[in-house]
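To start, the structure itself, in structure tokens.
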Amino acid sequence: QVQLVESGGGLVQAGGSLRLSCAASGRTFSRNAMGWFRQAPGKEREFVAAINWNIGRTYYAASVKGRFTISRDNAKNTVYLQMNSLKPEDTAVYYCADSHKSGSYDYAGRYDYWGQGTQVTVSS
């Protein structure tokens with residue numbers, strides 16, 4: 001069992017930055033990847049970014065590429081999402097996810113554990 005605790009969400013103006021953190025505890029030694037998904041009101045959950053845990057290879061949705069950066073701290077079992085040049089369209093609840101099996105990085109069903117979500121609101 002893995003528990004994921006997210007932090008760093010908040011209200012920011014368009015063009016600003018936020019850094020999300022997701023700390024994992026419990027069974028973390030078999031992790032394959034961690035990712036970030038988001039869901040805006042009335043919309044489907046969408047993939048944002050993911051990182052291979054062992055190698056560190058990253059993958060991004062086209063809508064955030066060049067603005068967001070996913071990174072990991074293996075020793076702390078923590079994944080981060082640095083969000084720059086934020087747009088109102090980025091407003092959503094952001095969820096981190098932990099995968100202990102192989103699969104497509106942008107497929108939600110690949111992930112085994114999920115955080116509670118943290119609200120990101122971009123005003124303009």
Side-chain angles (χ1 to χ4, degrees):
Q1 190 70 23
V2 173
Q3 295 80 45
L4 304 176
V5 180
E6 303 171 355
S7 62
L11 175 64
V12 66
Q13 296 184 49
S17 299
L18 284 174
R19 184 191 185 222
L20 305 183
S21 299
C22 177
S25 62
R27 188 172 58 205
T28 61
F29 46 82
S30 60
R31 175 178 296 116
N32 285 348
M34 293 192 74
W36 290 93
F37 291 75
R38 67 187 183 186
Q39 187 167 22
K43 297 184 179 180
E44 295 183 351
R45 179 175 53 183
E46 67 175 353
F47 171 77
V48 177
I51 185 168
N52 174 276
W53 202 252
N54 293 321
I55 302 174
R57 185 171 69 90
T58 58
Y59 184 78
Y60 298 93
S63 59
V64 306
K65 189 173 296 184
R67 300 188 298 121
F68 291 9
T69 303
I70 188 171
S71 62
R72 77 197 197 283
D73 187 329
N74 302 71
K76 295 182 178 180
N77 289 302
T78 299
V79 65
Y80 305 94
L81 186 67
Q82 178 66 47
M83 305 184 293
N84 298 326
S85 302
L86 282 162
K87 305 175 181 179
E89 306 92 89
D90 297 316
T91 295
V93 176
Y94 283 69
Y95 300 90
C96 69
D98 186 3
S99 176
H100 291 243
K101 56 180 177 290
S102 61
S104 299
Y105 287 104
D106 61 351
Y107 173 54
R110 177 253 179 91
Y111 296 86
D112 302 288
Y113 306 98
W114 293 81
Q116 81 285 353
T118 184
Q119 177 70 48
V120 172
T121 303
V122 184
S123 64
S124 180

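Treat the numbers as computed from the prediction; the structure is a model and nothing was measured.
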## Note on the structure
Shortest non-hydrogen pair, Asn77 vs Arg31, comes out as OD1-NH1, 3.4 Å
### Query
Do Tyr113 and Tyr80 share a hydrophobic cluster (ILVMFWY, side-chain heavy atoms under 4.5 Å, transitive)?
no
### Message
So which atom in Ala50 and which in Tyr111 form the shortest heavy-atom distance, rounded to 0.1 Å?
### Response
CB-OH, 3.5 Å
### Query
Which pair of heavy atoms, one from Gln119 and one from Ala92, lies closest together, and at what distance?
NE2-O, 3.4 Å
### Query
Short question: side chain of Thr121, backbone of Thr91 - any donor-acceptor pair under 3.5 Å?
no
### Query
Measuring from Leu81:CG to Leu18:CG, what's the distance to the nearest 0.5 Å?
9.5 Å
### Query
How close do Ala24 and Leu4 get, heavy atom to heavy atom, and via which atoms?
CB-CD2, 3.4 Å
### Task
For the residue pair Trp53 and Val79, establish whether any side-chain heavy-atom pair is separated by less than 4.5 Å.
yes
### Query
What is the minimum heavy-atom distance between Asn84 and Ser17, and which atoms define it?
OD1-OG, 2.8 Å
### Task
Quick one: pull up OG in Ser124 and CG in Leu86 and give me the separation to the nearest 0.5 Å.
11.5 Å
#### Entry: 4.5 Å side-chain heavy-atom contact, Glu46 and Asp106
no
### Message
Within the 4.5 Å heavy-atom criterion, are Tyr105 and Asn52 side-chain neighbours or not?
### Response
yes
### Summary
Shortest non-hydrogen pair, Leu20 vs Trp36, comes out as CB-CH2, 3.6 Å
### Task
Would you indicate whether Lys76, at its atom NZ, is surrounded by more than 12 heavy atoms from other residues, nucleotides or ligands within a distance under 6.0 Å?
no
#### Entry: Residues Ser85 and Arg67: side-chain donor-acceptor under 3.5 angstrom
no
### Query
Is there side-chain contact between Asn32 and His100, with at least one heavy-atom pair below 4.5 Å?
no
### Query
Are Tyr95 and Phe68 co-members of a hydrophobic cluster defined by side-chain heavy atoms under 4.5 Å apart?
no
### Tyr59 OH to Ile51 CD1 distance, which is reported to the nearest 0.5 Å
15.0 Å
### Message
Looking at Arg110 and Lys101, would you say the former's side chain and the latter's main chain have a donor-acceptor pair under 3.5 Å?
### Response
yes
### Task
Compare all side-chain heavy atoms of Val120 with those of Met83 and state whether any distance is below 4.5 angstrom.
yes
### Task
Working to the nearest 0.5 Å, report the span between SG of Cys22 and CZ of Arg72.
15.0 Å
### Message
Check the orientation of Phe47 and Phe37. Use parallel for under 30°, tilted for 30 to 60°, and perpendicular for over 60°.
### Response
perpendicular
### Message
Side chains of Arg38 and Val64, heavy atoms from C-beta outward: is any pair under 4.5 Å?
### Response
yes
### Message
To the closest 0.5 Å, what do you measure between OG (Ser25) and CD (Gln1)?
### Response
9.5 Å
### Task
To the nearest 0.5 Å, tell me how far Glu6 CD sits from Trp114 CH2.
9.5 Å
